[in-house]
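Here the structure is laid out as structure tokens; the discussion comes afterwards.
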Amino acid sequence: MEHAWTTVLIVVDPSRSHPARLPAGAIAATVEGMKAIDYDNGPDSLRLTEVDDPIPGPGEVLVDVAATAVNRADLLQSKGHYPPPPGASDILGLECSGRISAVGEGVEGLAVGDEVCALLAGGGYAEKVAVPAGQVMPVPVGVSLHEAATLPEVACTVWSNLVMTGGLGRGVLTAHARWGDTELGAPRVLIHGGAGGIGSHAIQVCRALGARVATTAGGPEKVQKCRDLGADLVIDYREEEFPDRVREWTDDDERGRGIDLILDVMGAKYLEPNIASLAPDGRLIVIGMQGGMKGELNLGALLPRRAGVLATNLRARPVDGPGGKTGICREVVDHVWPMIAAGDVTTRVSREIPLERAAEALGLLDSGESHGKMLLSVE
């Protein structure tokens, strides 16, 4: 069963004054606390409360949040299934946009008043958040400050997995790749949950990189949304089995029957059919476990295909160094932001809900009936 990776924007008041740039090592202190969303257990427990302001440390900036996007990870955390990594804020929220209000020691290239968006390990459901400077990105050209909050988590997830890990757009997975004298044709990518936030972004990035895109979705409305985004093959998982359709779709391809790269959010439930769908030298990248954590892996099905299975996580990556979020954010700014500026990748806000009704937004996520991006606003 597909659960749409819907993104929900929580908007806080951006019309506040900003302090002057602080001297090196100096941090602004406020007497009053800030508003933030707190929770006990599950989406119904979410409530607006007041907590202490965060204080940026060396290498960090303080962002006055204009908007924050809700992801499925927030829903899991609210239920006690996805705790933040050590040292991260307990407040929900993995991405935000806003304006820098203070700059910590050692930070260069960022200044008070800059409009930015940021990838977070936590803390986005609040008026302020402290962020490592390497995870702060400029707002893409042509995107509003609020809409920019919908981009960091999905853009970094998609690019780090499909491109930096999976190799899409590089080497043999380019649109004009050859193997010896053989022209391979466009690579084939399967995106599960194409109507959700990650899925809809992934479809567009794959198209921009010259790939042929297949995706799964549940029901006519979501199927049509995926087609509108440019998917070449949309499979309604409620009506048909995706391995049969992808084999039929790729039957005459020079690369061989099957999919070169699969981005999966289901985990155990889709492990066997995903492997059955892989082409020679194909790769399955698992980024979610909505269908369970444990499954049986048939190595005999992988060996003849020279295929591989990978599982990755974005939130727990280090800030810097190999595999770190700073490197991912830099690649996203260099490669994805120009796609957005050119109109090849878009983001849409479909619904607006007041911040104090954040529980309602997570409830919609939990139901699986929502899709696209919703806006939570503060009056």
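Counting from 1, the numbers follow the sequence of the chain as shown. No experiment lies behind these values; they were computed from the predicted model shown.
Distance CD1/I191 to SG/C206: 4.5 Å, rounded to 0.5 Å. Expressed to the nearest 0.5 Å, how far CG of L314 lies from OG1 of T157 amounts to 4.5 Å. Here OG1 of T49 is found 6.5 Å from CZ of R47. Values are rounded to the nearest 0.5 Å. In this structure, CG in L263 is found 6.5 Å from CD1 in I285, a value given to the nearest 0.5 Å. C96 SG to L120 CG: the interatomic distance, rounded to the nearest 0.5 Å, is 4.5 Å. Put simply, CG on L297 and CG on L302 are 5.5 Å apart, with the number rounded to the nearest 0.5 Å.
The backbone N or O of G258 sits less than 3.5 Å from a side-chain atom of R188, completing a donor-acceptor pair. A donor-acceptor contact shorter than 3.5 Å is absent between the side chain of T250 and the backbone of D253. Under the 3.5 Å distance criterion, the side-chain polar atoms of R178 are matched with a main-chain donor or acceptor of D181. Judged purely by atom type and a 3.5 angstrom limit, T216 uses its side chain to pair as donor or acceptor with the backbone of G193. The backbone N or O of C117 lies less than 3.5 Å from no partner atom in the side chain of S97, so there is not a single donor-acceptor pair. Formation of a donor-acceptor pair under 3.5 Å by the K128 side chain with backbone atoms of V63 is not found in this model.
Using a 4.5 Å heavy-atom cutoff, the side chains of I100 and V116 are in contact. Under the 4.5 Å side-chain criterion, counting only non-hydrogen atoms from C-beta, L284 is in contact with L271. In this structure, T182 and E254 have side chains that are in contact, with non-hydrogen atoms separated by less than 4.5 Å. Taking the side chain as every heavy atom from C-beta outward, C156 and C329 approach each other to under 4.5 Å. The side-chain heavy atoms of V61 and P56, taken from C-beta on, include no pair separated by under 4.5 Å. Side-chain atoms of E50 and M34, non-hydrogen and from C-beta on, never get closer than 4.5 Å to each other. For the pair L168/P187, a side-chain contact is recorded, criterion being any heavy-atom separation below 4.5 Å from C-beta on. For the pair N298/E272, no side-chain contact is recorded, criterion being any heavy-atom separation below 4.5 Å from C-beta on.
Taking both residues in full, the closest heavy atoms of A148 and V139 are given as CB-CG1, 3.9 Å, listed atom of the first, atom of the second, then distance. Residues L119 and M137 share a closest heavy-atom pair of N-CE, 4.4 Å. In plain terms, the two heavy atoms of G295 and A268 that are nearest each other are N-CB, 4.0 Å. Annotation for D114 and A111: closest pair OD2-N, 2.8 Å, computed over non-hydrogen atoms. Residue A88 comes nearest to P84 through the heavy atom pair CB-CB, 4.0 Å, listed as atom of the first residue, atom of the second, then distance. Of all heavy-atom pairs between L233 and R245, the closest is CD1-NH2, 2.9 Å.
Relative to the ring axis of Y82, R315 places its NZ or CZ within 45° and under 6.0 Å from the centre. Figure legend: cation-pi geometry between R212 and W249, with NZ or CZ positioned under 6.0 Å from the six-membered ring centre and within 45° of its axis.
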- Checking side chain to side chain contact (heavy atoms under 4.5 Å, CB included) for the pair D260/L190: CA distance, chi angles, key distance, verdict? CA-CA 8 Å; D260 302 302; L190 172 60; over 6 Å; no
- Message: Between R317 and N313, does the side chain to side chain contact (heavy atoms under 4.5 Å, CB included) criterion hold? Intermediate values first, please.
- Response: CA-CA 7 Å; R317 286 178 181 265; N313 176 278; 5.6 Å; no
- Stepwise, does the side chain to side chain contact (heavy atoms under 4.5 Å, CB included) test hold for V246 with I235? CA-CA 9 Å; V246 300; I235 304 159; 4.0 Å; yes
- Message: Using the rule given for side chain to side chain contact (heavy atoms under 4.5 Å, CB included), can you reason through D232 versus R207, listing the C-alpha separation, both sets of side-chain angles and the distance that settles it, and then say yes or no?
- Response: CA-CA 9 Å; D232 299 286; R207 294 286 297 175; 2.9 Å; yes
- Message: Pair D366, K79 - check salt bridge (charged side-chain N to carboxylate O under 4.0 Å, His left out), show working.
- Response: CA-CA 11 Å; D366 203 14; K79 295 180 177 181; 3.0 Å; yes
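Note on L76 and L92: separate hydrophobic clusters, where clusters join Ile, Leu, Val, Met, Phe, Trp and Tyr whose side-chain heavy atoms are under 4.5 Å apart, directly or indirectly. Residues V129 and L110 are members of one and the same hydrophobic cluster, defined by side-chain heavy-atom contacts under 4.5 angstrom among Ile, Leu, Val, Met, Phe, Trp and Tyr. Hydrophobic clustering (ILVMFWY, side-chain heavy atoms < 4.5 Å, transitive): L229 and V234 are in distinct clusters. Residues I91 and L94 are members of separate hydrophobic clusters, defined by side-chain heavy-atom contacts under 4.5 angstrom among Ile, Leu, Val, Met, Phe, Trp and Tyr. Hydrophobic clustering, with ILVMFWY side chains joined whenever heavy atoms are under 4.5 angstrom apart, groups L261 together with V265.
A salt bridge does not link R99 to D64: none of the charged side-chain nitrogens sits closer than 4.0 Å to a carboxylate oxygen. D281 has no carboxylate O lying under 4.0 Å from a charged side-chain N of R255, or vice versa, which leaves the two without a salt bridge. Taking a cutoff of 4.0 Å between a charged side-chain nitrogen and a carboxylate oxygen, K35 and E127 do not qualify as a salt bridge.
When only modelled atom types and interatomic distance are considered, E95 and N71 share a side-chain donor-acceptor pair under 3.5 Å. Between Y125 and D74, the side chains place a donor N or O and an acceptor N or O closer than 3.5 Å (distance only, hydrogens not considered). For the residue pair Q77 / R72, no side-chain donor-acceptor distance below 3.5 Å is found, with atom types taken as modelled. Side-chain polar atoms of Q135 and T326 form no donor-acceptor pair below 3.5 angstrom.
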Could you tabulate the donor-acceptor pairs under 3.5 Å formed by side-chain atoms of residues 331-341, not counting sequence neighbours?
{"unit_1": "E331", "atom_1": "OE1", "unit_2": "W159", "atom_2": "NE1", "d": "2.8"}
{"unit_1": "E331", "atom_1": "OE1", "unit_2": "R170", "atom_2": "NH2", "d": "2.8"}
{"unit_1": "W337", "atom_1": "NE1", "unit_2": "P138", "atom_2": "O", "d": "2.8"}

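With a 6.0 Å radius and a threshold of 12 heavy atoms from other residues, nucleotides or ligands, E115 has its CD atom above the threshold. When the shell of 6.0 Å around CD of E241 is examined, it contains 12 or fewer heavy atoms from other residues, nucleotides or ligands. Enclosure of atom CZ in R330 is not indicated, since only 12 or fewer non-hydrogen atoms of other residues, nucleotides or ligands lie within 6.0 angstrom. Shown here is M289, whose CE atom has no more than 12 heavy atoms of other residues, nucleotides or ligands within 6.0 Å.
No close placement of the Y237 and H192 rings is indicated, their centers lying 6.0 Å or farther apart.
Considering V189, L162, L278 in turn, L278 is the only one that fulfils the side chain to side chain contact (heavy atoms under 4.5 Å, CB included) rule with I262.
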